[in-house]
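Residues: numbered from 1 along the sequence shown. The basis for the numbers below is simple: all heavy atoms, side chains too, and nothing from hydrogens, waters or symmetry mates.
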Amino acid sequence: MTQLDQEEYQPQDLSLVNRMIRIFFAPSETFEAVGMRHSWLDWFVPVVLVIALSLVTLQITMPVIMETQKEALQERLKDMPEEQRQQTMEMMQKTGGIASMVAIPVFGFILLFIIAGILLLIARYGLGGEVSYGQMLAVWGYSSLIGIIAIIVRTPLMLAKETAMVYTGLGMLIPDEMLKTFLGRVLAGVDLFTFWQICVASVGLAVLTRNSTSKALVFLMILWAIWILIQAALGGLGMMG
């Protein structure tokens, strides 16, 4: 290896902007920098960017989302008296937008703190690394930037298809009728962008614990599979309600 190559592979103390940019094509460089130095900005700024974009696109897609929710709500309230059903639907439509605007940032940070805790357990007890909670917040914070690409792809699809039920994974290959089954919901949960985000987080765990990416990926894939199964089961309960 030449001197130039050696310099290229040496960890760099990257700026926040460079860390965010590199997460898309060289995530190991981002996490090597996190291993050298990290602060609350490493998780706060990426998550705020994703939340901000989510709120902007929510305004654009709100009519489509409300129409999709209206159809689903009509199905669930079909046994309710007509007048009561109309009142319930009007109330849900009036409060739905406001609730979403509040829920996106609140749950965005709640999930960040919970997932970072889970990553900390995996890193310390599964991968045997000496890492901090702040580093795990940074791992998931930077990984969440993949959500920006997901939003950019999904928003035009929602507007074009005039439905909030769009898929960027196996769900694209599944017939609508099958999506109503448990197996269909499980397959629809396998999303390309979520997989990408998990792969990036695996790189972060591997770099910071000095372990293999494949081992870190196995842990995260198992957790993702469990989450998909839970979502599919809860989706079935919702359809029964």
Side-chain angles (χ1 to χ4, degrees), residues 14-24 27-28 30-58 98-151 154 189 191 193-211 213 215-235:
L14 304 171
S15 67
L16 179 62
V17 173
N18 281 325
R19 293 181 185 198
M20 290 191 291
I21 292 173
R22 280 173 168 76
I23 204 68
F24 297 102
S28 60
T30 294
F31 296 122
E32 287 285 0
V34 169
M36 296 176 63
R37 174 183 60 84
H38 69 278
S39 71
W40 63 277
L41 293 173
D42 285 294
W43 55 265
F44 183 78
V45 174
V47 172
V48 166
L49 286 176
V50 176
I51 288 174
L53 182 59
S54 298
L55 292 175
V56 170
T57 55
L58 178 65
I98 298 174
S100 297
M101 294 290 288
V102 174
I104 288 176
V106 170
F107 285 104
F109 280 105
I110 289 176
L111 284 176
L112 168 70
F113 297 139
I114 292 174
I115 294 175
I118 295 173
L119 294 181
L120 183 64
L121 293 176
I122 293 174
R124 287 186 175 178
Y125 303 107
L127 302 175
E130 293 295 329
V131 298
S132 67
Y133 183 59
Q135 287 176 321
M136 296 300 98
L137 284 170
V139 167
W140 195 249
Y142 281 121
S143 301
S144 68
L145 289 172
I146 303 303
I148 290 177
I149 307 298
I151 292 170
R154 288 172 183 157
D191 177 74
F193 294 104
T194 305
F195 177 66
W196 185 3
Q197 183 173 352
I198 287 174
C199 288
V200 170
S202 299
V203 172
L205 285 178
V207 168
L208 293 172
T209 61
R210 301 303 173 191
N211 214 307
T213 302
K215 188 174 181 180
L217 183 60
V218 168
F219 279 106
L220 294 189
M221 288 295 288
I222 291 173
L223 290 177
W224 186 31
I226 293 172
W227 176 244
I228 289 175
L229 291 173
I230 292 173
Q231 280 190 312
L234 293 177

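- The side chain to side chain contact (heavy atoms under 4.5 Å, CB included) test applied to F24 returns L145, I146, I149, W196, not counting sequence neighbours.
- By the ring-ring contact (aromatic ring centres under 6.0 Å, His included) test, F195 pairs with no residue at all, sequence neighbours left out.
- Closest approach of L16 and L41 over heavy atoms only: CD1-O, 3.8 Å.
- Pairs passing the salt bridge (charged side-chain N to carboxylate O under 4.0 Å, His left out) check and including a residue from residues 103-115, sequence neighbours excluded, do not occur.
- Pairing each heavy atom of G189 with each of W224, the nearest pair is O-CZ2, 3.7 Å.
- Side-chain atoms of Q135 come within 3.5 Å of backbone atoms of S132 as a donor-acceptor pair (strictly under, hydrogens ignored).
- Summarising the geometry of I198 relative to L217, their closest heavy-atom pair is CG2-CD1, 3.9 Å, with the distance given to 0.1 Å.
- For an aromatic pair to be called close, the ring centres must be under 6.0 Å apart, and W43 with Y133 fails this.
- In this structure a side-chain-to-backbone donor-acceptor pair under 3.5 Å is present from N211 to L127.
- Every residue was checked against the ring-ring contact (aromatic ring centres under 6.0 Å, His included) condition with W140, not counting sequence neighbours, and none meets it.
- Contacts of A138 classified as side chain to side chain contact (heavy atoms under 4.5 Å, CB included), with partners at least two apart in sequence or in another chain: V34, D42, Y142.
- Applying the side chain to side chain contact (heavy atoms under 4.5 Å, CB included) criterion to I104, with sequence neighbours excluded, gives I51, S54, L55, L58.
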